Chemist: 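Would you mind keeping the following structure in view while I ask a few things?
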Amino acid sequence: MDRLLTGLQPSGNLTIGNYSGGIKQVINYQNNYETFLFVPDMHATTVTQDPELLHKNIRSAVGVYLACGVDVTKPNMHVYIQSENLYHANLSWLLECHTYYGELSRMHQFKEKSKLHENFTCGLFTYPVLMAADILLYDAKYVPTGIDQKQHVELARNIAERFNNRYKDDYFVVPEPVIPSIGAKIRDLQDPTKKMSKSTANPKASVFLLDPPNVIKKKIMGAQTDSEARIAFDEENKPGVSNLLTIYSVFAEMPIEAVVAKFEGGGYGDLKKGLVEVLSEKLTVIQDNYNKIMTSGIIDDALDAGRDFTEKIAKEKYETIRKVVGYGRI
Ligand code: ATP
Ligand code: MG
């Protein structure tokens with residue numbers, strides 16, 4: 001089985017965007033690949049986090065993964081926490097020494113996120129290398145993500161290829177991003193030129209997977225559209241309406257053309273009401289599962305098993321790679 005790997009930062013509550021670009025893909029592929037699904041808590045501290053809240057968000061993220069349908073009873077599914085495995089940070093340092101400052105300076109996410117803080121950390125700048133380490137440690141071939149992470153997976157590819165060329169062997173598998181054809185960039189409900197993000201300050205901008213139906217209704221009914229009053233899928237000229245159609249398509253599992261045909265000729269109000277229904281139905285199921293999972297022992301059992309399994313693989317890989325570059329004794 002080829003390996004597939006992805007992670008979602010516990011930097012807040014998971015959104016419908018995170019479902020679309022990350023979790024849904026894992027669920028769709030979990031029968032076909034050996035799957036590494038981790039909680040990148042070290043990535044979350046690239047910006048300031050409240051420690052208590054971070055602990056809480058880590059557990060909640062795993063609860064949401066499972067509630068959405070990630071099946072930890074499968075022997076090929078490994079769910080784990082990044083910081084519980086010391087090899088991620090060790091390989092990250094080694095890879096930083098094989099990554100150029102100019103490369104990291106070109107990362108779009110760094111440019112955007114660094115603008116939001118008067119004083120930003122070095123971790124925000126070097127985090128894509130930690131992400132490369134997360135992937136390369138496990139020889140993951142496929143990395144499901146939204147469009148926003150494509151550049152970071154490409155960086156991981158470049159680092160892997162550079163390393164393999166420099167040391168003249170296939171030490172790392174060169175990973176490929178797996179981007180969904182619909183829903184790779186769910187947009188901010190209040191500013192549809194931007195992507196929806198769990199850490200966005202405005203709570204009206206995002207629907208969270210744990211939002212109750214009355215909150216979903218408020219957010220969707222208040223979403224920005226345009227003044228044309230015409231249902232059409234045109235991401236460039238009608239980003240708000242196209243976003244609602246996309247979210248519908250992702251959660252109703254319907255092709256975008258069928259969603260457009262369903263609402264064509266009607267007003268934006270009908271589309272929004274239809275979307276509230278679909279989202280409420282789907283998210284209520286997830287929330288019921290979540291409430292059961294959070295009070296069971298399943299999360300810790302899964303995380304313990306995931307930690308023990310992945311640590312062995314990571315150790316072996318790191319020990320090989322550190323010798324290749326000359327660290328330690330012969
Ligand atoms: P943050 O604001 O803390 O960066 P985020 O919402 O961008 O949070 P990440 O943890 O950075 O979430 O990303 C987790 C996964 O979700 C990644 O695979 C990313 O590509 C995907 N993702 C994030 N936002 C969206 C979105 N709006 N649409 C589709 N996929 C998304
Ligand atoms: Mg992000």
Side-chain angles (χ1 to χ4, degrees), residues 4-29 35-50 53-54 57-58 60-62 64-65 68 70 81-82 107-117 120-121 123-124 127-128 130-131 134-135 140 142-156 175-203 205-210 219 223 235 239-240 242-244 246-247 249-251:
L4 176 141
L5 175 145
T6 199
L8 300 100
Q9 294 186 56
S11 44
N13 295 314
L14 296 171
T15 70
I16 54 173
N18 300 139
Y19 178 84
S20 182
I23 301 173
K24 187 177 177 188
Q25 296 211 83
V26 170
I27 292 160
N28 288 343
Y29 290 122
T35 304
F36 294 73
L37 175 60
F38 69 108
V39 184
D41 52 347
M42 290 156 76
H43 290 198
T45 57
T46 52
V47 298
T48 308
Q49 300 289 340
D50 172 75
L53 190 60
L54 183 55
N57 285 339
I58 291 167
S60 173
V62 179
V64 170
Y65 296 170
C68 288
V70 168
I81 297 175
Q82 183 187 36
M107 294 295 118
H108 306 309
Q109 183 174 291
F110 171 70
K111 288 186 198 163
E112 281 159 27
K113 286 199 174 175
S114 58
K115 270 193 250 153
L116 303 175
H117 304 274
F120 50 84
T121 66
L124 189 66
Y127 129 89
L130 178 57
M131 177 166 156
D134 299 334
I135 300 168
Y142 299 111
V143 182
T145 69
I147 201 83
D148 59 301
Q149 292 293 334
K150 185 165 176 257
Q151 194 187 29
H152 292 161
V153 181
E154 280 162 1
L155 176 79
E176 285 173 32
V178 181
I179 315 271
S181 55
I182 275 287
K185 182 181 175 182
I186 300 295
R187 293 162 188 271
D188 180 302
L189 297 176
Q190 293 302 317
D191 178 0
T193 60
K194 294 195 310 201
K195 89 167 184 77
M196 185 181 286
S197 293
K198 69 175 111 62
S199 60
T200 300
N202 181 356
S206 315
V207 173
F208 299 105
L209 293 170
L210 299 179
K219 289 180 177 176
E235 287 185 290
S242 304
N243 192 37
L244 299 178
T246 302
I247 299 169
S249 164
V250 168
F251 282 87

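Side-chain atoms are counted along with the backbone in the values below, which use heavy atoms only and exclude waters and symmetry mates. Quick note: residue numbers are just sequence positions, from 1. Treat the numbers as computed from the prediction; the structure is a model and nothing was measured. When a ligand or atom number is given, it counts from 1 through the structure's own listing order.
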Chemist: Any chance the side chains of His43 and Gln82 put a donor and an acceptor closer than 3.5 Å?
Modeler: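 There is such a pair between these side chains.
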
Chemist: What is the distance from atom OG of Ser11 to atom CG of Leu53, rounded to the nearest 0.5 Å?
Modeler: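 These two atoms lie 10.0 Å from each other.
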
Chemist: For the residue pair Tyr19 and Phe251, categorise the inter-ring angle as parallel (less than 30°), tilted (30 to 60°) or perpendicular (more than 60°).
Modeler: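 Answer is parallel, since the angle falls under 30°.
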
Chemist: State the CE-OG1 distance between Met131 and Thr6, to the nearest 0.5 angstrom.
Modeler: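 OG1 of Thr6 is found 7.0 Å from CE of Met131.
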
Chemist: For the backbone of Ser242 and the side chain of Thr246, can you confirm whether one donor and one acceptor N or O come within less than 3.5 Å of each other?
Modeler: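 Answer holds: yes.
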
Chemist: For ligand 1, list the protein residues that place a heavy atom within a distance below 4.0 Å of one of its atoms, sorted by chain and number.
Modeler: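 Only Gly7, Leu8, Gln9, Ser11, Gly17, Asn18, Gly21, Lys113, Thr145, Gly146, Asp148, Gln149, Gly183, Ala184, Lys185, Ile186, Lys195, Met196, Ser197, Lys198, Ser199 have heavy atoms that fall under 4.0 Å of ligand 1, ordered by chain and number.
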
Chemist: Applying ring pair (Phe, Tyr, Trp, His ring centres under 6.0 Å), name anything that partners Phe110, two or more places apart in sequence or on another chain.
Modeler: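 Phe120, Phe125.
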
